[in-house]
Structure formats: C-alpha cells, structure tokens
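Encoded as structure tokens, the structure appears first; notes follow it.
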Amino acid sequence: MGNKKIQFIDLDSLNPKNVVVKLSAILKRYLIGEKINIYQEIKNIDLELPIYEKFKSNFSRSVINWILNNINYGQITSYSEIGKKLNSKAYRVIGSILKKNNYPLIIPCHRIIKGDGTIGGFMGKSNDSWQRNLKKRLLRIEGIDIT
DNA sequence: TCTTAAATCGTTG
DNA sequence: CAACGATTTAAGA
C-alpha cells in the first residue's frame with residue numbers, strides 16, 4: 001500500500017522493432033530538447049497514422065497541410081496569419097479545425113497561438129486549463145516563452 | 001489595461 | 001439554413 005516504488009522502463013532494453021518503443025524514443029528525444037521534426041520521424045518508423053481522418057474538407061486539409069509544410073520546430077504563427085495565407089477570414093474556423101486534431105505534436109497545433117501573442121486554446125480547451133499549460137510547456141521546450 | 005460587442009465564415013446538425 | 005466557435009478588431013471605461 002504505502003511502500004510502492006515507481007518503476008521506470010528502460011527503453012533501450014526493449015525490442016526496438018516495437019512501434020510503441022519507437023514512438024517513445026522519438027518523444028524522448030523531443031522532450032530532452034532535440035530539435036527534431038516529429039512528423040518526419042514518424043514517417044521513418046513502420047507506422048501509419050490516420051492523421052487526415054478528421055480532415056475531409058478542402059479547407060481543413062489546406063490548414064493542416066499549410067501547418068505541416070510551413071511551421072517547423074521553434075516557429076509559431078497565429079490563427080489569423082494562417083487565414084491570411086489561405087485567403088480566408090475564418091479565424092475561428094481555423095481554431096475549430098485544430099480542435100479536431102487527434103495528433104498533437106505530430107500535427108504541431110501547439111505552435112499556433114493567438115494574434116495578440118497570448119497562448120490560445122489547446123486540445124479542445126480555450127479557457128484556463130492543464131491543456132493550455134501543456135501548450136506553453138511544449139513551446140518552452142522549443143525555446144519560446146508565452147506569458 | 002481591462003471588458004464588451006460585433007464581425008467573421010467553414011462546419012455541423 | 002441557423003447556430004456554433006482553440007479568434008479578431010474596435011470601442012469604451
């Protein structure tokens with residue numbers, strides 16, 4: 001009861017062919033500060049992720065593809081900037097689309113913040129929440145401080 | 001700097 | 001077709 005000890009898994013001791021191990025290794029590299037492109041790293045392992053499953057419409061795919069092609073590690077942009085690039089004023093719609101992202105980090109929606117420089121929503125939550133704090137921490141890892 | 005109101009438009013039911 | 005938003009802009013206190 002009171003004397004449980006936390007067991008840490010030694011990733012290096014596990015079968016490196018296991019996709020979970022591979023994913024863990026990628027995440028580990030990211031979390032310790034290596035400036036990797038997680039989306040590219042995912043492509044290199046034997047795993048197909050249905051990242052477009054939730055994005056059927058032309059507009060939503062344009063948003064996702066624009067982010068994947070233009071926003072790299074350590075870079076941020078805003079919902080309105082994406083709108084301008086896509087010739088649309090549907091700023092809130094862009095937020096609604098990113099809300100459906102089932103693959104945060106892989107589709108790096110944590111790098112999309114509000115136009116006024118504040119953090120904006122993350123993982124469905126637009127109010128104060130652990131999700132928004134996580135978004136700040138991810139950006140902090142990438143060298144960006146959002147107050 | 002706050003707080004509020006209105007504009008905005010693709011998606012959803 | 002109306003209602004909804006991970007937003008934005010402007011206006012007022």
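Each chain gets a letter, A, B and so on, in the order the sequences are listed, and its residues count up from 1. Both backbone and side-chain heavy atoms feed into the values below; hydrogens, waters and symmetry mates do not. Just so you know, these numbers come straight off a predicted model, no measurement behind them.
As rounded to whole Å, 18 Å separates atom P of B:dG10 from atom NZ of A:Lys99. Separating the CG atom of A:Asn58 from the C1' atom of B:dC9 is a distance of 15 Å, rounded to the nearest angstrom. Here the P atom of nucleotide B:dC9 and the CD1 atom of A:Ile82 are 17 Å apart, to the nearest Å. The separation between A:Arg92 atom CZ and B:dT12 atom C1' is 15 Å, rounded to whole Å. Here B:dT8 presents its P atom at 15 Å from NZ of A:Lys84, a figure rounded to the nearest Å.
Side chain to side chain, A:Tyr73 and A:Glu34 fail the donor-acceptor criterion of an N or O pair below 3.5 Å. Side-chain contact of A:Tyr39 with A:Asn72: a donor-acceptor pair under 3.5 Å is absent, judged by distance alone.
The closest donor-acceptor contact from the side chain of A:Lys135 to the backbone of A:Ile112 lies under 3.5 Å.
In DNA chain B, runs of at least 3 consecutive Watson-Crick or G-U pairs, each pair with both distances below 3.5 Å, span B:1-7 with C:7-13, B:9-13 with C:1-5.
Heavy atoms of other residues, nucleotides or ligands lying less than 6.0 angstrom from CG of A:Asn69 number more than 12.
Checked against A:Ile113 for a side chain to side chain contact (heavy atoms under 4.5 Å, CB included), the options A:Thr118, A:Ile146, A:Ile144 give a single hit: A:Ile146.
Reading DNA chain C from its 5' end, the first and the last nucleotide to sit under 4.0 Å from a heavy atom of chain A are C:dG5 to C:dT8.
Going from atom CG of A:Asn133 over to atom NZ of A:Lys125 covers 13.0 Å, rounded to the nearest 0.5 Å. Within the model, atoms OH of A:Tyr30 and CD of A:Glu142 stand 3.5 Å from one another, a figure rounded to the nearest 0.5 Å.
Minimum interatomic distance between A:Asn101 and A:Cys109 (heavy atoms only, all atoms of both residues): ND2-SG, 3.3 Å.
Across all strands, A:Tyr79 comes closer than 4.0 Å to base atoms (heavy-atom distances).
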